[in-house]
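Okay, so here's the structure we're looking at.
Below, each value reflects all heavy atoms present in this structure, side chains not excepted, and no hydrogens, waters or symmetry copies.
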Amino acid sequence: MRIAIAGTGYVGLSNALLLAQRHTVVALDIDAARVEALNRRESPLDDDEIRIYLARPELDFKATLIPAEAFAGAAYVVIATPTNYDSATNTFNTRSVEAVIANVLAIEPDATMIIKSTVPVGYTERVRAMFGTDRIIFSPEFLREGRALHDNLHPSRIVVGEHSERASAFAELLREGALKPDVPILFTESTEAEAIKLFANTYLAMRVAYFNELDSYACTHGLDTRQIIEGVCLDPRIGGHYNNPSFGYGGYCLPKDTRQLLANYDAVPQNLIQAIVSANITRKDFIAADILRRNPKVVGIYRLVMKAGSDNFRASAIQGVMKRIKAKGIEVIVYEPVLDAPDFFRSRVVNDLAQFKQQADLILANRLTDEIRDVEGRVYSRDLFGGD
């Protein structure tokens, strides 16, 4: 079977390599350098499994800049283009998804399109009406940056937003490429599938926010956060996951998905969803105030990336803290090896680690690593368990 993938970020590329184990896959992207790298079988993403699988010569995979080369003859087109949250319109920007749909209908109108990009609740029904086609299905993605292909090879579940033979066939494509046996498969309506994605990520954000607020309370009253969390999490109904305090939830998914779900509640009474969004702002305020209380002269930001194993620092929580302390006139320097620039938002980048340690009298680290253990006495972090 011939399958096209539109977009080669974590979602698109991990799905492409999963499917290319058994099928012909052509990935479309608008970035020429990325396409060239993929055709050299070099990963543009920081993901160990993607690197390993991309190097396998038996995979029937290539990348292209030409829509017709990707879409012509495709039975399925997986749409995995970016849908960033637009604060001006209070919703996801879905123009890239619609551009792909228009191209597919012009080139291969019989293809079934599978939207993997995150979209507002109710979007699939609207876009079907907009283009006058029923050949669009939403199927949410549940993966972590840096572990994207691993999470597709070992999926927690497969959700497809349609009850039909073509939906069953697509779910089988995902299942047959997975290494995990007996993957749960759920077929729903399209709008319910969209809601599953947003509610799942908002629940995760709520859990992060909960343990951060527990930590804020403990810090304020001089209590041992770790002891409290360990005692709370021994309750089997709660469990010991997603419980490590941080500077706030960040990254590509949780901030935008929580805000989109809140926007979808515009006509529905709620308190909790707004509280989750607000709690993340409050946590950054608290962390910044706690840092300023120490009267630092030069604050070093150790890594902008949102978590270990990621090369993404979009919306990372540490940036919110950084902006708050800069607004108070504190000099800030940045250590971030994946950043090839002399400065970051007017803060000097010092990517010689020894110099960075020497110049900063207080170092902020959302997560601790061995390379800063030697200056741990000058490190400010809320990382208690050494994980995300």
Side-chain angles (χ1 to χ4, degrees), residues 10 46 84-85 87 118 144-147 201-220 225 229 241-262 273-294 296 299-328 330 332-339 344-345 347 349 360 362-369 372 379-388:
Y10 283 102
D46 186 6
N84 296 321
Y85 188 82
S87 56
T118 307
R144 298 164 291 173
E145 291 191 21
R147 302 298 303 280
N201 274 351
T202 301
Y203 181 87
L204 295 177
M206 178 182 68
R207 190 170 172 107
V208 173
Y210 176 85
F211 285 104
N212 281 340
E213 291 209 348
L214 185 160
D215 180 57
S216 295
Y217 180 89
C219 288
T220 301
T225 300
I229 290 177
H241 58 280
Y242 263 75
N243 64 353
N244 193 19
S246 65
F247 295 162
Y249 61 78
Y252 183 61
C253 292
L254 298 191
K256 73 185 183 78
D257 289 5
T258 52
R259 293 167 71 191
Q260 176 61 67
L261 184 59
L262 179 60
I273 309 302
Q274 176 64 66
I276 294 166
V277 174
S278 299
N280 209 38
I281 299 169
T282 301
R283 176 61 170 179
K284 292 170 191 174
D285 290 341
F286 175 85
I287 293 293
D290 202 30
I291 291 163
L292 292 169
R293 191 169 53 80
R294 289 160 168 75
V299 172
I301 304 296
Y302 174 75
R303 305 304 307 266
L304 294 165
V305 293
M306 69 166 195
K307 62 180 182 178
S310 172
D311 57 2
N312 169 36
F313 45 83
R314 290 172 296 183
S316 61
I318 202 167
Q319 289 188 59
V321 177
M322 174 182 169
K323 291 173 184 175
R324 286 163 172 78
I325 60 177
K326 279 171 63 71
K328 297 298 183 180
I330 305 297
V332 172
I333 61 175
V334 175
Y335 173 78
E336 181 46 76
V338 305
L339 182 63
F344 181 78
F345 285 101
S347 290
V349 173
L362 184 67
I363 295 172
L364 269 59
N366 193 44
R367 291 292 178 250
L368 296 170
T369 69
I372 56 172
V379 173
Y380 180 95
S381 179
R382 300 309 308 153
D383 181 4
L384 301 181
F385 299 105
D388 293 315

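A 4.5 Å side-chain heavy-atom check between Tyr242 and Tyr249 finds every atom pair outside the cut-off. You'll find the side chain of Phe286 reaches within 4.5 Å of the side chain of Thr220, heavy atoms only. Contact annotation: the side chain of Asn280 never approaches that of Leu254 to less than 4.5 Å [non-hydrogen atoms, C-beta and beyond]. Looking only at side-chain heavy atoms (C-beta outward), Asp290 and Arg293 come within less than 4.5 Å of each other. Inter-residue side-chain proximity for Gln260 and Thr118 is flagged as unmet; no heavy-atom pair is nearer than 4.5 Å.
Atom CG in Asp285 sits 10.0 Å away from atom OG in Ser216 (nearest 0.5 Å). Put simply, CZ on Arg382 and CG on Leu368 are 10.0 Å apart, with the number rounded to the nearest 0.5 Å.
Contact detail for Ala279 and Ala209: the closest heavy-atom pair is CB-CB, 4.0 Å. Nearest heavy-atom pair, Tyr302 versus Ile318, reported as atom, atom and distance to 0.1 Å: O-CD1, 4.2 Å. Nearest heavy atoms, Asn212 versus Arg283: O-NH1, 3.0 Å. Summarising the geometry of Ser347 relative to Met322, their closest heavy-atom pair is OG-CE, 3.3 Å, with the distance given to 0.1 Å. Between Leu292 and Pro296, the shortest heavy-atom distance links the atoms O-CD, 4.2 Å. The two atoms that bring Phe344 and Gln319 nearest to each other are CZ-OE1, 3.4 Å, heavy atoms only.
In this structure, Ser316 contributes its side chain and Leu304 its backbone to a donor-acceptor pair below 3.5 Å. A donor-acceptor contact shorter than 3.5 Å is absent between the side chain of Arg303 and the backbone of Arg367. A donor-acceptor pair under 3.5 Å links the side-chain atoms of Ser381 to the main chain of Ala365, judged by distance alone. Panel note: side chain Asn244, backbone Leu384; a donor-acceptor pair is recorded below 3.5 Å. Checked by atom type and distance alone, the side chain of Arg207 never pairs as donor or acceptor with a backbone atom of Tyr203 at under 3.5 Å.
Pro245 pairs in a side chain to side chain contact (heavy atoms under 4.5 Å, CB included) with only one of the listed residues (Leu214, Asn366, Asp383, Ile229), which is Ile229.
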* Show the numbers, then the answer: is there a side chain to side chain contact (heavy atoms under 4.5 Å, CB included) between Ile325 and Leu364? => CA-CA 11 Å; Ile325 60 177; Leu364 269 59; 4.3 Å; yes

One pair to check against side chain to side chain contact (heavy atoms under 4.5 Å, CB included): Val349 and Glu336. What are the steps and the verdict?
CA-CA 7 Å; Val349 173; Glu336 181 46 76; 5.7 Å; no

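Counting non-hydrogen atoms of neighbouring residues, nucleotides and ligands closer than 6.0 angstrom, the CZ atom of Phe385 exceeds 12 such neighbours.
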